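What follows is a short report on a single structure.
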Amino acid sequence: MKINVNGKEHQVAEGTSVEKLLRDFNITGPVAVELNRQICPKKLHGTTVLHPADTLEIVTIVGGG
């Protein structure tokens with residue numbers, strides 16, 4: 001199924017959770033996830049299943065000076 005992540009279309013398997021998507025994208029550490037313009041709390045990442053045409057914004061913290 002097709003979803004949109006940070007403005008780009010991606011193909012993912014049916015039943016993919018937010019947690020699995022983050023693993024598949026190798027995203028670790030502190031992260032904020034917005035799903036269809038609503039914040040998805042970390043405690044729900046494992047149980048929130050994505051659907052066709054969902055839109056996600058994923059923001060990570062980048063250190064540096």
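In this text, all values refer to a predicted model and were calculated from it rather than measured experimentally.
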Query - Pairwise ring-ring contact (aromatic ring centres under 6.0 Å, His included) hits with a residue in residues 30-63, at least two apart - result: none
Query raised in the report: From Thr48 OG1 over to Leu35 CG, what is the distance, rounded to the nearest 0.5 angstrom?
Result: 7.0 Å
Report task. Kindly compute the distance separating CD1 (Ile58) from CG (Leu21), expressed to the nearest 0.5 Å. Result -> 5.0 Å
Report task. Could you tell me whether the side chain of Glu57 reaches within less than 4.5 Å of the side chain of Asn6, counting heavy atoms only? Result -> yes
**Report entry** Where at least one partner belongs to residues 10-34, residue pairs that pass ring-ring contact (aromatic ring centres under 6.0 Å, His included), sequence neighbours excluded
**Finding:** His10-Phe25
Requested in this report: Measure the spacing between CG of Leu50 and CE of Met1 and express it to the nearest 0.5 Å.
Outcome: 5.0 Å
Report task. Output all residues satisfying side chain to side chain contact (heavy atoms under 4.5 Å, CB included) with Asn36, sequence neighbours left out; order by chain, then residue number. Result -> Asp54, Thr55
Query raised in the report: Less than 4.5 Å apart, any side-chain heavy atom of Thr16 and any of Ile3?
Result: no
Query raised in the report: Side chains of Ile39 and Val33: closer than 4.5 Å at any heavy-atom pair?
Result: no
Query raised in the report: For Leu44, which fellow cluster members are found when Ile, Leu, Val, Met, Phe, Trp and Tyr are connected by side-chain heavy-atom distances below 4.5 angstrom, either directly or through intermediates?
Result: none
Query - salt bridge (Lys or Arg N to Asp or Glu O under 4.0 Å) contacts in which one or both residues fall within residues 29-51, not counting sequence neighbours - result: none
Report task. Show your reasoning for whether side-chain contact (heavy atoms from CB on, under 4.5 Å) applies to Val59 and Val31. Result -> CA-CA 6 Å; Val59 180; Val31 63; over 6 Å; no
Query raised in the report: Can you tell me how far CD of Gln11 sits from NZ of Lys2, rounded to the nearest 0.5 angstrom?
Result: 6.5 Å
Query raised in the report: What salt bridge (Lys or Arg N to Asp or Glu O under 4.0 Å) pairs are there with at least one residue in residues 18-32, not counting sequence neighbours?
Result: Glu19-Arg23, Lys20-Asp24
Report summary line: Closest non-hydrogen atoms of Ser17 and Gly46, given as atom of the first, atom of the second and distance, are CB-O, 3.7 Å
